[in-house]
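Presented below is the structure to which this report refers.
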2 protein chains.
Amino acid sequence: MSIFSKLSFKDQAFKLREQAVLDATTKLLASKGFDLMTMDDVAGEAGISKPSLYKHFKSKEELATEVMIRLLDGALAFLEAQDGALSARARLAGLLEWALRVRLEGGLPFLPSSSPQVREMLTKSLRYVSRVYKLHKLLAGIVDAAKQAGELRADLPTDVLLYAYYSRTCDPAVDYMQLYGRYSTEQIVAHMLAMTFDGMAGSGQH
Amino acid sequence: MSIFSKLSFKDQAFKLREQAVLDATTKLLASKGFDLMTMDDVAGEAGISKPSLYKHFKSKEELATEVMIRLLDGALAFLEAQDGALSARARLAGLLEWALRVRLEGGLPFLPSSSPQVREMLTKSLRYVSRVYKLHKLLAGIVDAAKQAGELRADLPTDVLLYAYYSRTCDPAVDYMQLYGRYSTEQIVAHMLAMTFDGMAGSGQH
DNA sequence: AAAAAAAGCTACCAATTAGTAAAAGGTTGT
DNA sequence: ACAACCTTTTACTAATTGGTAGCTTTTTTT
């Protein structure tokens with residue numbers, strides 16, 4: 001048991017530090033973006049030294065990719081935990097609301113839309129891509145179901161609807177509302193959902 | 001007249017080179033973003049040397065700011081040239097379509113939404129800020145008119161509608177449609193307008 | 001053709017930053 | 001107490017990049 005507990009103890013400590021690093025990176029990526037975030041920033045924010053940081057992740061790219069993977073896993077977990085009795089549209093609204101709340105707490109870096117270089121870096125990771133693919137297929141199914149049920153417009157292709165949906169999670173309008181409009185989290189979420197589903201012309205009474 | 005023509009001739013050549021630099025910068029900012037664009041890139045793309053580049057703009061920040069100012073002037077000019085008989089909603093749709101087309105041709109960098117640092121840099125320029133303010137006030141007037149006419153929903157604040165409107169010009173959905181969906185410029189513009197005004201739920205018959 | 005102005009180029013500086021080596025200091029288990 | 005291991009610190013390398021100095025070459029003007 002001595003060896004067992006020793007190993008698991010170390011493992012625990014290691015994992016804890018790793019989570020701290022991922023948390024720090026998530027925060028920094030969300031606030032400064034990939035290019036402006038330095039490994040010294042990460043080490044400082046996580047409370048460890050830079051060489052220790054490199055014991056966990058062997059490059060800045062790997063670290064950022066790992067953060068995005070953890071985020072996707074969060075989204076997938078949220079979807080799986082969702083009440084199966086919900087309507088397709090309610091499920092989409094629920095996930096978007098979740099993402100917006102994560103973001104408003106400073107925890108949603110949107111690397112894939114930031115630059116071609118970063119996008120290329122991410123697509124080189126099989127683990128990342130496979131999660132994106134899984135999430136995309138899941139959501140495509142939900143969108144199709146919503147179209148069938150008349151909850152979403154059927155005159156636009158499913159992928160176009162999905163691209164628009166993804167983009168709402170990193171919509172700069174959120175920043176503007178927070179920064180210049182002084183709206184509360186609740187208001188921002190409500191406004192974003194209203195805009196996403198019913199657009200600027202409105203009219204939807206769901 | 002000799003002195004006169006000499007001066008104006010130089011001035012002309014100087015302005016021409018300056019436009020070339022601004023064009024090159026616009027293109028590079030749109031493709032690589034501010035952080036990854038180097039002054040060597042700009043000089044190379046514009047076909048002049050780096051020291052010559054610094055004869056025109058005394059820093060990278062000033063150069064980028066100048067590009068954004070030129071862009072805002074373009075938007076303001078478009079608005080002023082618009083047919084005054086158009087409905088408020090048609091004017092908004094027209095400007096958004098113009099911006100999307102500019103962007104799809106590779107000429108719309110969206111610095112203000114890229115990072116807090118870049119945003120701060122821009123807001124330090126009075127010439128930039130005054131144009132943003134002017135455009136914002138103009139568009140707020142149009143949005144209010146559209147609300148009055150029942151063309152836009154009145155249950156959301158004007159600034160929220162405007163933030164959403166601005167955000168559509170730099171919506172990553174455009175990239176996705178172009179990159180993964182292989183849609184044509186016309187289709188992308190049509191889809192973006194549909195999504196902007198009527199949302200994912202649709203229903204608007206305008 | 002001569003003179004003057006401008007642009008180009010090479011080379012450089014200073015600062016930043018990803019990533020590493022190696023010694024110094026703690027901590028843990030034996 | 002001892003020994004193995006891990007973390008930290010310091011210091012470093014190599015590459016990039018914003019910005020500049022100074023000399024050379026071309027072009028333009030007279």
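Below, chains carry the letters A, B, ... as their sequence lines are ordered, and counting in each starts from 1.
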### Query
When all nucleic acid strands are considered with a 4.0 Å heavy-atom cut-off, which category describes Ser49(A): base, sugar-phosphate, or nothing?
base
### Message
Regarding Ser52(A), tell me which of base, sugar-phosphate or nothing describes its non-hydrogen contacts under 4.0 Å with the strands shown.
### Response
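Base, at least one base heavy atom under 4.0 Å.
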Taking [atom1] from [X] and [atom2] from [N], how many angstroms apart are they, rounded to a whole number?
X        : N       : atom1 : atom2 : value
Lys55(B) : dT20(D) : NZ    : P     : 11 Å
Phe57(A) : dT20(C) : CZ    : C1'   : 19 Å
Met39(A) : dA18(C) : CE    : C1'   : 8 Å
Tyr54(A) : dT13(D) : OH    : P     : 17 Å
Asp41(B) : dG19(D) : CG    : P     : 14 Å
Asp40(B) : dC12(C) : CG    : P     : 16 Å
Leu63(A) : dT17(C) : CG    : C1'   : 15 Å
Glu62(A) : dA18(C) : CD    : P     : 15 Å

### Query
Distance check: side-chain N/O of Arg17(B) vs OP1/OP2 of dA7(C), anything under 4.0 Å?
yes
### Task
Give, for atom CD of Gln117(B) and atom CG of Asp35(A), the distance between the pair rounded to the nearest 0.5 Å.
11.0 Å
### Query
If you take atom types as modelled and just measure distance, does the side chain of Lys50(B) reach the base of dG19(D) with a donor-acceptor pair under 3.5 Å?
yes
### Task
Verify the neighbour count for atom NZ of Lys147(B): are there more than 12 heavy atoms of other residues, nucleotides or ligands below 6.0 Å?
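Atom NZ in Lys147(B) is packed in, count exceeds 12.
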### Task
State whether the number of non-hydrogen atoms from other residues, nucleotides or ligands found under 6.0 Å of Lys60(A) atom NZ is greater than 12.
yes
Given [options], which nucleotide is nearest the side-chain atoms of [X]?
X        : options                  : result
Pro51(B) : dC9(C), dA18(C), dG8(C)  : dC9(C)
Thr38(A) : dT20(D), dT17(C), dA7(C) : dT17(C)
Lys60(B) : dT8(D), dT17(C), dG18(D) : dG18(D)

### Query
According to the interplanar angle, ranging from 0 to 90°, do the rings of Tyr176(A) and Tyr163(B) count as parallel (below 30°), tilted (30 to 60°) or perpendicular (above 60°)?
tilted
### Message
Just by distance, no angles: are the side chains of Thr26(B) and Asp23(B) close enough, under 3.5 Å, to form a donor-acceptor pair?
### Response
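Distance-only check fails for Thr26(B) and Asp23(B).
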